[in-house]
2 protein chains.
Amino acid sequence: MSDLLERLRSRGWRLTAQRRVVAEVLDGDHVHYTADEVHAKAALLLPEISRATVYNTLGELVSLGEVLEVSTDGRAKRYDPNAHHAHQHLVCSRCGTIRDVHPAGDLLAGLPAEERFGFRLSAVEVTYRGLCPECATAG
Amino acid sequence: MSDLLERLRSRGWRLTAQRRVVAEVLDGDHVHYTADEVHAKAALLLPEISRATVYNTLGELVSLGEVLEVSTDGRAKRYDPNAHHAHQHLVCSRCGTIRDVHPAGDLLAGLPAEERFGFRLSAVEVTYRGLCPECATAG
DNA sequence: TCCTACATTGGACTTTGTCTAAGTCAAGAT
DNA sequence: ATCTTGACTTAGACAAAGTCCAATGTAGGA
């Protein structure tokens, strides 16, 4: 995410402390925070930041294609900054840990023509589920 | 879902009018209703049925493995009665229509060992996205 | 028929997210 | 350096989706 702010500014984004802090929170690998988690972490750096601003900023980052929305549990959406590298998700059924993974082959090709019902396919999302090493040994 | 009620009774389910009605609503192909939709349709058959009962009953059906929870849009969960036939979902990006589909091959095998991070895989969920024929021609 | 454990109910409550009116400020213009 | 202005932020009200609970009702066995 290092050059993210520059990229956004060149697209006409006004650079505010709030947006800087949200971008900073989203920096890293295997980051999949909920909006509330982003808000909590952002508030450590900038205590006055409001929930609405976090929601706004996340929404803008998604629209701009810089961040992906992931909903692996039907609860709160999670935000994945790794949008520039196609990937899927591996989720622990017990503790909820999420890892980015890279399946082999062309996933779209897996759906035969007669199973497409005339749809024009554009994307595919895959969620692998299982037990992570810690949860598997813990019983 | 015809023999569903018998199957459930043999598992110790108490058979009430409310549960019968919820099961009836979930009967059919390509059914993916939200809890609220199930409640609305159930209320046509049994006006006094409460939202809490619909949520309870759906939750029980999911625990018993008779119905699957699907969340394709990050909003309300949807309930898919087609739980005894493995399948995936094809969703229209514009109108939200959902179809059950059957991809070819072993989906779990698509994730290489070095991408499994030591997880013991047990399931995979795939959502194909694209435009349905109606939305594609509508522009 | 009666009993009772299980099921249902309505409403309060929680979580997650959206909206708005009023105030604030980044960045270009002067 | 200061001004100006439209974009940004804020707090809090609101909405949607779902959970919880105490009181009431009832399916099905005795």
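Lettering of chains follows the sequences in order, A, B, ..., and the numbering in each one begins at 1.
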Practice problem: Please step through side-chain contact (heavy atoms from CB on, under 4.5 Å) for the pair A/L107 and A/Q88, ending with a clear verdict. | Solution: CA-CA 10 Å; A/L107 294 168; A/Q88 304 300 334; 3.8 Å; yes
Close side-chain approach of [X] and [Y], heavy atoms under 4.5 Å:
X: A/L131; Y: B/F119; result: no
X: B/Y79; Y: B/V62; result: yes
X: B/V31; Y: B/D80; result: no

Within this structure, what is the [atom1]-to-[atom2] distance between [X] and [N], rounded to whole angstrom?
X: A/E37; N: C/dT15; atom1: CD; atom2: P; result: 14 Å
X: B/E6; N: D/dG28; atom1: CD; atom2: P; result: 10 Å
X: B/L58; N: D/dG18; atom1: CG; atom2: C1'; result: 12 Å
X: A/R75; N: C/dT14; atom1: CZ; atom2: P; result: 14 Å
X: B/L46; N: C/dT9; atom1: CG; atom2: P; result: 7 Å
X: B/Y79; N: D/dG18; atom1: OH; atom2: C1'; result: 9 Å
X: B/H39; N: D/dA16; atom1: NE2; atom2: P; result: 16 Å
X: A/L8; N: C/dA26; atom1: CG; atom2: P; result: 17 Å

Quiz item: Does the side chain of A/H32 come under 3.5 Å of the side chain of A/D100 through a donor N or O and an acceptor N or O?
Solution: yes
Exercise. Can you pull out how bent the helix from C/dT1-D/dA30 to C/dT30-D/dA1 is, comparing the axes over its first five and last five pairs, to 10°?
Key: 20°
Quiz item: Checking A/T57 side chain against A/T53 main chain: does a donor-acceptor pair fall under 3.5 Å?
Solution: yes
Practice problem: Identify, between B/V54 and A/L15, the residue whose nearest nucleotide on DNA chain C lies closer to the 5' end. | Solution: B/V54
Quiz item: 5'-most contact on DNA chain C: B/I49 or A/K77, nearest heavy atom basis?
Solution: B/I49
Quiz item: Would one find a side-chain N or O of A/Y55 under 4.0 angstrom from OP1 or OP2 of C/dT18?
Solution: no
Protein-nucleic acid N or O pairs under 3.5 Å, nucleotides 5-7 of chain C:
{"residue": "C/dC6", "atom": "O4'", "partner": "B/R14", "partner atom": "NH2", "Å": "3.3"}
{"residue": "C/dC6", "atom": "O2", "partner": "B/R14", "partner atom": "NH1", "Å": "3.0"}
{"residue": "C/dA7", "atom": "OP1", "partner": "B/R19", "partner atom": "NH1", "Å": "3.1"}
{"residue": "C/dA7", "atom": "OP1", "partner": "B/R19", "partner atom": "NH2", "Å": "3.3"}

If the threshold is 4.0 Å, N to carboxylate O, is there a salt bridge linking [X] and [Y]?
X: A/K41; Y: A/E24; value: no
X: A/E69; Y: A/R78; value: no
X: B/E66; Y: B/R7; value: yes
X: B/E60; Y: B/R11; value: no

Self-check item: Within 6.0 Å of NE2 in B/H84, more than 12 heavy atoms from elsewhere
Solution: yes
Check nucleotides 13-15 of chain D for protein N or O atoms closer than 3.5 Å to its own N or O atoms and list the pairs.
none

Self-check item: Check: A/H30 ring centroid to B/F117 ring centroid under 6.0 Å
Solution: yes
Exercise. For A/A52, answer base if it contacts any base atom (sugar-phosphate contacts may also be present), sugar-phosphate if it contacts only those atoms, and nothing otherwise; contact means non-hydrogen atoms under 4.0 Å.
Key: base
Quiz item: What's the closest nucleotide to the A/A76 side chain, out of D/dG18, D/dT10, C/dG17?
Solution: C/dG17
Quiz prompt | Pairwise 5' ranking along DNA chain D for A/E48 and B/N56, keeping only the more 5' one | solution = A/E48
Self-check item: Which residue lies more 5' along DNA chain D, comparing A/A17 with A/G74 via nearest heavy atoms
Solution: A/A17
